[in-house]
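Encoded as structure tokens, the structure appears first; notes follow it.
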Amino acid sequence: MTIHIGAKPGDIAETVLMPGDPYRAKWAAETFLTDVKLVNEVRGMLGYTGMWNGNRVTIQGSGMGMPSLSIYVNELIRDYGAKQLIRIGSCGGMQDHVKVRDIILAMTSTSISTPSKGILREVNFAPCADWQLLERAAKAAREKGADTHIGGIYSSDVFYDERPDLNEQMVRHGILGVEMEAAELYTLAARHGCRALAVLTVSDHLLTGEALPSDERERGFADMVDIALKAAFDR
Ligand code: HPA
């Protein structure tokens, strides 16, 4: 047990999928895994461990934003031995050619700040995805026929953004979408010698104002889970 995770030693798999929403963790575990066991419910941040195609996997909610994700990822890596961590979440589209429902595989993540700023200080560290996970996710997405974009994203600290000028600069620099977690996930994975990737569905669009209705979010979410599992385990 750690401060925020009630799992017993050995309850957490080396591969962890991380949706922001704990109820998505429950849905994904019940939909995709067999032999599912609830391993964490501290603060309602549900985590499940089960089997997928003979591989052990944990699906653990991260909460929203980098400070929340940082707590769970630190404990998963340092106390439970997690080795590959894949965020599965939503993002806002930031380019005309990126459409609502499309998948984004985040090659890099730009941010103003992350919880790691305190140790990196004057350094503008470049958080990037694990190449092998990214390559396998790209293959899985291609085989599904999913409209997929691979490139840089923006991990923001705010959902209700009052600096349109910053978003303009992100759009100008080719950033595909905005979410709130990946930069810290990639930074922590780099620090601890782990592998990380963010697989995202475009749920809304900053340029068009379009948003995915809630019933369709589930379908997009299923595609992401499938791509993440194949990226983690297909050889
Ligand atoms: N901003 C930040 N995070 C998000 C968004 C957004 O527009 N959409 C989904 N996650």
Side-chain angles (χ1 to χ4, degrees), residues 17-25 27-28 45 59-73 85-117 127-129 137 141 146-188 196-225 227-228:
L17 268 49
M18 302 194 77
D21 177 354
Y23 287 107
R24 292 288 190 185
W27 180 86
M45 196 55 76
I59 308 183
Q60 167 67 54
S62 70
M64 291 179 281
M66 291 186 270
S68 176
L69 173 131
S70 170
I71 289 170
Y72 293 102
V73 170
L85 302 102
I86 305 179
R87 163 162 160 69
I88 41 177
S90 61
C91 71
M94 295 188 99
Q95 299 291 328
D96 285 326
H97 69 281
V98 173
K99 309 290 185 203
V100 166
R101 298 179 191 79
D102 287 0
I103 297 243
I104 293 177
L105 304 178
M107 192 153 68
T108 64
S109 185
T110 295
S111 68
I112 293 174
S113 183
T114 71
S116 295
K117 183 84 179 164
C128 73
D147 290 317
T148 305
H149 310 270
I150 304 175
I153 62 156
Y154 172 41
S155 295
S156 174
D157 282 333
V158 284
F159 187 88
Y160 298 103
D161 201 342
E162 304 217 11
R163 287 285 305 276
D165 57 315
L166 287 179
N167 286 339
E168 267 170 40
Q169 289 302 333
M170 293 298 103
V171 173
R172 183 177 173 213
H173 287 80
I175 291 295
L176 298 171
V178 53
E179 50 84 85
M180 299 181 65
E181 292 83 14
E184 177 68 359
L185 172 64
Y186 289 4
T187 303
L188 288 170
L197 176 67
V199 181
L200 307 166
T201 300
V202 180
S203 61
D204 53 271
H205 207 290
L206 272 71
L207 305 182
T208 65
E210 195 187 346
L212 207 54
S214 53
D215 55 328
E216 271 197 53
R217 283 175 190 245
E218 196 156 286
R219 207 174 319 142
F221 191 72
D223 280 348
M224 277 190 295
V225 179
I227 290 168

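Each ligand, and each atom within it, is numbered from 1 in the order the structure gives. Throughout, residue positions are numbered sequentially from 1 according to the sequence presented.
- Under a 3.5 Å cut-off, the side chain of Asp161 and the backbone N or O of Val158 do not form any donor-acceptor pair.
- Scanning the protein for heavy atoms near atom 8 (N) of ligand 1, the closest one is Asp204 OD1, 2.9 Å.
- When each atom of ligand 1 is checked for a heavy atom of Leu206 under 4.0 Å away, the hits are 7 (O).
- Taking all atoms of both residues into account, the shortest heavy-atom contact from Tyr186 to Cys128 is CD2-C, 3.4 Å.
- Checked by distance only, ligand 1 and Glu179 stay at 3.5 Å or farther apart across all their nitrogen or oxygen atoms.
- Here Thr114 contributes atom OG1 and Glu181 contributes atom CD; the two are 12.5 Å apart, rounded to the nearest 0.5 Å.
- Distances from ligand 1 to the non-hydrogen atoms of Cys91 include at least one value under 4.0 Å.
- Side-chain contact, Ser156 with Glu179: no donor N or O sits under 3.5 Å from an acceptor N or O.
- For the side chain to side chain contact (heavy atoms under 4.5 Å, CB included) with Val199, the qualifying choice from Ile103, Ile104, Leu17 is Ile103, the only one to do so.
- Which parts of ligand 1 touch Met180 is read off a 4.0 Å heavy-atom cut-off, strictly below it: atoms 2 (C), 3 (N).
- No N or O atom of Val158 sits closer than 3.5 Å to an N or O atom of ligand 1.
- Val178 O, 3.5 Å is the protein heavy atom nearest to atom 4 (C) of ligand 1.
- For atom 10 (N) of ligand 1, the closest non-hydrogen atom of the protein is Ser90 O, 3.6 Å.
- Taking Asp165 as the reference, Arg163 meet the salt bridge (charged side-chain N to carboxylate O under 4.0 Å, His left out) condition, with sequence neighbours excluded.
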